[in-house]
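One structure is given here, and the rest of the page talks about it.
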Protein chains: 2
Amino acid sequence: MARKYIDNPNACSLVHTMNIIGNKWKPIILYLLSNGSMRFGMLNTLIPTISKKVLTNQLKELENDGLLLRQSFAEIPPRVEYSLTEKAVGLLPVLRMLSDWANDAYPEMDFEQCRIVENGKSQLTTQN
Amino acid sequence: MARKYIDNPNACSLVHTMNIIGNKWKPIILYLLSNGSMRFGMLNTLIPTISKKVLTNQLKELENDGLLLRQSFAEIPPRVEYSLTEKAVGLLPVLRMLSDWANDAYPEMDFEQCRIVENGKSQLTTQN
DNA sequence: GCCATTGGTTACTTTTTAGTTACCACTATT
DNA sequence: AATAGTGGTAACTAAAAAGTAACCAATGGC
């Protein structure tokens, strides 16, 4: 009788973390906010290949998971600022390690610039 | 004239790491192999909700990215053992941090058992 | 001679995720 | 009076990922 679940606590919390941040855009959103709050439009400029719809969506999910604070100002034109919560700040050293690991494990690669392309992968622009 | 790429080295290596391990199954596969090599069937037993097709696929991608070593033995029935490469071993502390973060950030949750369900999210079995 | 076993593959369908385009509200500027 | 600027939303389409079921090859055991 096969089990239908994973019964390892470390594996489960790992799975949980990946459910929250383990996709194409979220780590980079968190990383970009690590130096302070930022407006929606600025995020969209710094991640030029994301669509507004998807950016909105990712920001909403991060907010729901308690990683982002959204502040909307009653101005015209509207201004909305996103910033990291304490939870998210606790994740920054881990994001740093993830990025360090890539530099370490793939020393032949040049990570100066990259393009996040359609199929969910990224392209280093120096590889063109 | 908007840029069409991300020109931050830390962001790019982060994106690269997430391209390699940032999905539903890969971190858990790596975690399960952290104590030594394991056969295909055992992985499939320990991750009961993954399909053979997807498991095969994930293992292939991890092998291509240099994280797994695949050893096939000429026996009948066939035996194939998967183990971590040095690259992947370097990732283990990071995986540990990712799992620690979840325990820390969501102390109210019980990560004893979980089920990875259809829509890409996980369910804690104690929440049923 | 038939069945079980392992580690897949193939073809097909379903689900999920992402992209596109058009639109809105409100004000300031030209 | 038209236009630009911001932070979205809605409806629709396309693409990617995942699931399902059937099949295979070779040997050992019954």
Side-chain angles (χ1 to χ4, degrees), chain A residues 2 4 15 18-29 32-33 37-64 68-83 115-123, chain B residues 2 4 15 18-29 32-33 37-64 68-83 115-123:
Chain A
K4 281 275 173 281
V15 165
M18 294 313 284
N19 281 340
I20 293 175
I21 61 153
N23 81 350
K24 189 173 167 182
W25 307 109
K26 287 177 183 172
I28 187 158
I29 292 171
L32 290 175
L33 291 172
S37 69
M38 203 178 270
R39 298 178 65 168
F40 181 89
M42 192 59 191
L43 282 167
N44 209 166
T45 299
L46 294 179
I47 315 176
T49 54
I50 200 173
S51 66
K52 273 201 301 187
K53 189 194 103 183
V54 173
L55 180 54
T56 305
N57 220 0
Q58 304 291 300
L59 291 170
K60 254 183 213 160
E61 289 183 15
L62 287 170
E63 198 193 350
N64 288 342
L68 291 190
L69 187 69
R70 178 181 183 277
Q71 297 174 81
S72 168
F73 297 85
E75 304 174 1
I76 297 292
R79 176 161 63 107
V80 178
E81 302 231 341
Y82 290 91
S83 56
R115 190 189 305 262
I116 300 184
V117 291
E118 311 73 41
N119 61 354
K121 302 299 175 191
S122 71
Q123 246 176 23
Chain B
K4 281 275 174 281
V15 165
M18 294 314 284
N19 281 341
I20 294 176
I21 62 152
N23 80 351
K24 189 173 166 184
W25 306 109
K26 288 177 183 173
I28 187 157
I29 291 171
L32 290 174
L33 291 172
S37 70
M38 204 177 268
R39 298 180 63 170
F40 180 90
M42 193 59 190
L43 283 167
N44 210 167
T45 301
L46 294 179
I47 314 176
T49 54
I50 201 175
S51 66
K52 274 202 296 185
K53 189 194 102 179
V54 173
L55 181 54
T56 305
N57 220 357
Q58 304 292 301
L59 291 170
K60 254 182 214 161
E61 290 183 12
L62 287 169
E63 199 195 350
N64 288 340
L68 290 190
L69 188 69
R70 177 181 183 278
Q71 296 174 83
S72 169
F73 297 85
E75 303 175 0
I76 298 290
R79 177 161 64 106
V80 178
E81 302 230 340
Y82 290 91
S83 56
R115 190 189 307 262
I116 301 183
V117 291
E118 311 74 39
N119 59 355
K121 301 298 176 191
S122 72
Q123 245 176 23

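Protein chains get the first letters and strands the later ones, always in sequence-line order, with residue 1 at the start of each. What you are looking at is a predicted structure, and each value in this text was computed from that prediction instead of being measured.
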Report the distance from atom [atom1] of [X] to atom [atom2] of [N], rounded to the nearest whole Å.
{"X": "Leu55(B)", "N": "dA17(D)", "atom1": "CG", "atom2": "P", "result": "17 Å"}
{"X": "Asn19(B)", "N": "dA16(D)", "atom1": "CG", "atom2": "P", "result": "14 Å"}
{"X": "Asn44(B)", "N": "dT5(C)", "atom1": "CG", "atom2": "C1'", "result": "14 Å"}

Do [X] and [Y] touch side chain to side chain, with heavy atoms closer than 4.5 Å?
{"X": "Phe40(A)", "Y": "Leu59(A)", "answer": "yes"}
{"X": "Ile29(A)", "Y": "Leu55(A)", "answer": "yes"}
{"X": "Trp25(A)", "Y": "Thr49(A)", "answer": "yes"}
{"X": "Leu43(B)", "Y": "Leu33(B)", "answer": "yes"}
{"X": "Val54(A)", "Y": "Lys24(A)", "answer": "no"}

Quick one: which of [options] gets closest to the side chain of [X]?
{"X": "Phe40(A)", "options": "dA18(C), dG8(D), dG7(C)", "answer": "dG8(D)"}
{"X": "Lys53(A)", "options": "dC12(D), dG8(D), dG8(C)", "answer": "dC12(D)"}
{"X": "Trp25(B)", "options": "dG19(D), dC26(C), dG7(C)", "answer": "dG19(D)"}
{"X": "Thr56(B)", "options": "dG8(C), dA18(C), dT27(C)", "answer": "dG8(C)"}

- Which residue lies toward the 5' end of DNA chain D, Tyr82(A) or Pro77(B), if each is placed at its nearest nucleotide? Tyr82(A)

Answer yes or no: does a side-chain N or O of [X] lie under 4.0 Å from OP1 or OP2 of [N]?
{"X": "Lys52(A)", "N": "dA22(C)", "result": "no"}
{"X": "Arg70(B)", "N": "dG8(C)", "result": "yes"}
{"X": "Lys60(A)", "N": "dT9(D)", "result": "yes"}
{"X": "Arg39(A)", "N": "dG7(D)", "result": "yes"}
{"X": "Gln58(B)", "N": "dA18(D)", "result": "yes"}

- Message: For Asn23(A) and Pro78(A), find the nucleotide of DNA chain C closest to each by heavy atoms; which residue's nucleotide sits nearer the 5' end?
- Response: Asn23(A)

